[in-house]
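This report refers to the structure that appears directly beneath it.
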Amino acid sequence: MELKFVEVDDNDLLSLVAELDVFFHAGWGETAEKYKAYHDLSGMACAVVAYIDGKPAGCGCWRAFDPVTAEIKRMYVRPAYRRQGAAGKVVQMLEDHAAASGCHRAVLETGADMPEAISFYERQGYRLVPNYGDFIGDEICVCMEKTVSDGTMR
């Protein structure tokens, strides 16, 4: 497996994100459309693509939520490549980049009806927290957070 930092207009990233959008639309239809504004790649501080056997297998990004908080976004692994460790490695690379960029914590939002995603993030050290920002009061979302740095620059 190889992980690469990529620009937000990278063709492999765009292909993976397009598949993620299809997944959301297939599962949640028009409801998924209301969240589209939260997925704009142009605001991302960092994007990572995982390659397995030279093929793009998964991706993830982060954007600044506030000066010391990274928000993990656009996490996706193609079904054929799941359970091979790509997602965990992408999250770790994003967290390391965020910490090196001065972030102390990472937050994310996922679907309340996505138990596999919630369990995955819990295995990565995230914990459920009250919904933040625009997700406050949104019952189809859950929010999670994790400390990624003690705040000291190394």
### Message
Please find the pair of heavy atoms, one from E109 and one from Y132, that lie closest to each other, and give the distance.
### Response
N-OH, 3.6 Å
### Query
What is the minimum heavy-atom distance between A70 and C103, and which atoms define it?
N-SG, 3.7 Å
### Message
Among residues at least two apart in sequence or on other chains, which ones pass side-chain hydrogen bond (donor to acceptor under 3.5 Å, both in side chains) with D66?
### Response
T69
### Task
Establish whether L16 and F23 are linked, either directly or via other cluster members, by ILVMFWY side-chain heavy-atom contacts under 4.5 Å.
yes
### Query
Is there any salt bridge (charged side-chain N to carboxylate O under 4.0 Å, His left out) pair reaching into residues 42-52, and which pairs are they, with sequence neighbours excluded?
none
### Task
Could you tell me which residues satisfy salt bridge (Lys or Arg N to Asp or Glu O under 4.0 Å) with R127, sequence neighbours excluded, listed by chain and number?
E145
### Task
Please write out which residues are connected to I118 in a hydrophobic cluster, directly or through intermediates, given that two of Ile, Leu, Val, Met, Phe, Trp, Tyr count as joined at side-chain heavy-atom separations below 4.5 angstrom.
M1, L3, F5, V48, I52, W62, I72, M75, V77, Y81, V90, V91, M93, L94, L108, F120, Y121, Y126, L128, V142, M144
### Query
Can C143 and V107 be said to form a side chain to side chain contact (heavy atoms under 4.5 Å, CB included), step by step?
CA-CA 7 Å; C143 293; V107 297; over 6 Å; no
### salt bridge (Lys or Arg N to Asp or Glu O under 4.0 Å) partners of K89, counting only residues at least two apart
none
### Message
Just verifying a value: how many Å separate D9 CG and L41 CG, rounded to the nearest 0.5 Å?
### Response
9.5 Å
### Task
Go through the structure and list residues passing side chain to side chain contact (heavy atoms under 4.5 Å, CB included) with D96, not counting sequence neighbours.
Q92
### Message
Can you list everything that forms a side chain to side chain contact (heavy atoms under 4.5 Å, CB included) with P67? Sequence neighbours excluded, please.
### Response
none
### Task
Using the test side chain to side chain contact (heavy atoms under 4.5 Å, CB included), find all partners of S15 that sit at least two apart in sequence or belong to another chain.
E19, R78
### Task
Check step by step if side chain to side chain contact (heavy atoms under 4.5 Å, CB included) holds for D134 and D138.
CA-CA 8 Å; D134 292 340; D138 189 333; over 6 Å; no
### Message
Give me the atom names and distance for the closest heavy-atom approach of H97 to A45.
### Response
CE1-O, 4.1 Å
### Message
Holding to side-chain hydrogen bond (donor to acceptor under 3.5 Å, both in side chains), I want the full list of residues that pass it with S119, two or more places apart in sequence or in another chain.
### Response
none
### Query
How far apart are the C-alpha atoms of R74 and D40, what are their side-chain angles, what is the distance that settles it, and do they pass the salt bridge (Lys or Arg N to Asp or Glu O under 4.0 Å) test?
CA-CA 9 Å; R74 310 282 43 209; D40 180 16; over 6 Å; no
#### Entry: Distance (rounded to the nearest 0.5 Å) between R105 CZ and K146 NZ
14.0 Å
#### Entry: G43 versus R63, closest heavy-atom pair with distance
O-CB, 3.4 Å
### Message
If the condition is ring pair (Phe, Tyr, Trp, His ring centres under 6.0 Å), which residues does Y76 pass it with, not counting sequence neighbours?
### Response
none
### Pair listing, side chain to side chain donor-acceptor pair (under 3.5 Å) test, anchored in residues 44-58, at least two apart
D12-Y51
